Amino acid sequence: MPAAQSGPSDYAVVRFGDFVELRRRFPRLLLGLLLLGTGIAATLRARLGVSPYDVLHQGLADHTGLNFGQVVVGLGVLILLLWIPLRQRPGVGTIVNTLTVGFITNGVFDLLPAPSDLAARWGLLLAGLVITALGIGLYIGCGLGPGPRDG
């Protein structure tokens with residue numbers, strides 16, 4: 001039996017039939033990314049701990065003078081470059097995620113009040129975790145490509 005040959009489409013992350021399918025999935029992608037950025041902003045505002053990548057983002061922001069969102073976008077682009085030797089192909093969702101989540105996080109962070117009460121901070125942290133999970137589920141579930149850190 002001959003060995004299966006691989007072609008360029010074997011490495012594709014995103015497979016959808018046409019632009020009708022893209023139009024159907026894209027709103028879920030955008031909602032998912034909006035929720036993801038909102039959830040990250042809430043966990044940052046709670047000041048009770050963040051995910052490992054967000055610790056890295058905070059540290060880089062502190063040491064470079066860039067804001068949190070700029071670091072998220074910049075590191076996302078750098079990580080996408082590391083996909084090249086892995087033959088991982090970004091999808092439309094990967095690119096939109098990379099270029100938007102950091103700025104969404106910055107915008108929502110600026111809108112959220114900083115609670116001083118510990119109970120309110122815990123509530124904000126828990127809400128942020130739930131919102132983040134919903135956002136990740138939506139943007140990955142739409143099948144338009146993983147985020148740069150998910151690939």
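Computed from a prediction, not measured in an experiment: that's the story for all the values here. Only this structure's heavy atoms are used, side chains among them; waters, hydrogens and symmetry mates stay out.
To the nearest 0.5 Å, the span separating CG on L56 from CZ on R149 amounts to 8.5 Å. Expressed to the nearest 0.5 Å, how far OG1 of T100 lies from CG of L33 amounts to 4.5 Å. Residue L48 holds its CG atom at 6.0 Å from CG of L118, rounded to the nearest 0.5 Å. Once rounded to the nearest 0.5 Å, the distance linking CG of L29 with CG of N97 reads 7.5 Å. The NE2 atom of H57 sits 8.0 Å away from the CD1 atom of I40 when rounded to the nearest 0.5 Å. Considering CZ of F26 and CG of L31, their distance stands at 12.5 Å, rounded to 0.5 Å.
Of all non-hydrogen atoms in T38 and I104, the two that sit nearest each other are N-CG2, 4.3 Å. Taking both residues in full, the closest heavy atoms of I95 and P90 are given as CD1-CB, 4.0 Å, listed atom of the first, atom of the second, then distance. Shown here for P115 and A120, the closest heavy-atom pair between the two residues is CB-CB, 3.7 Å. Across all their heavy atoms, P85 and L82 have their closest contact at CD-O, 3.3 Å. Of all the heavy atoms in T98 and V73, the pair that sits closest is O-CG2, 3.5 Å. The shortest heavy-atom contact between N106 and G69 is OD1-N, 3.0 Å.
Side chains of T105 and L44 form a contact here, defined as non-hydrogen atoms less than 4.5 Å apart. When side chains are defined from C-beta on, L22 counts as touching L144, because their heavy atoms get closer than 4.5 Å. The side-chain heavy atoms of P146 and W83, taken from C-beta on, include a pair separated by under 4.5 Å. Side-chain contact check for L124 versus R121: every heavy-atom pair is 4.5 Å or farther apart. No side-chain heavy atom of V130 sits under 4.5 Å from any side-chain heavy atom of L126. Proximity of Y139 to L35: side-chain heavy atoms (C-beta onward) are nowhere separated by under 4.5 Å.
For R45 and F109, the positive end sits near the middle of the six-membered ring, less than 6.0 Å away and at most 45° from its axis.
No continuous path of hydrophobic side-chain contacts links I131 to I136 [ILVMFWY only; heavy atoms under 4.5 Å]. Clustering ILVMFWY residues whenever any of their side-chain heavy atoms sit less than 4.5 angstrom apart, transitively, puts L134 in a cluster other than the one holding V108. Both L60 and F103 are members of a single hydrophobic cluster when ILVMFWY side chains are connected at heavy-atom separations under 4.5 Å. Cluster membership for F68 and V50, using ILVMFWY side-chain heavy atoms within less than 4.5 angstrom, is shared.
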Check your understanding: Is there a side chain to side chain contact (heavy atoms under 4.5 Å, CB included) between N67 and V71 once you walk through the steps?
Key -> CA-CA 6 Å; N67 66 44; V71 170; over 6 Å; no
Run V96 and L30 through side chain to side chain contact (heavy atoms under 4.5 Å, CB included) and show every step you take. CA-CA 8 Å; V96 175; L30 295 179; 4.2 Å; yes
* To do: Could you walk me through whether Y53 and V72 pass side chain to side chain contact (heavy atoms under 4.5 Å, CB included), step by step?
  => CA-CA 9 Å; Y53 263 116; V72 170; over 6 Å; no
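At distances below 3.5 Å, not a single donor-acceptor pair connects side-chain atoms of Q58 with backbone N or O atoms of V55.
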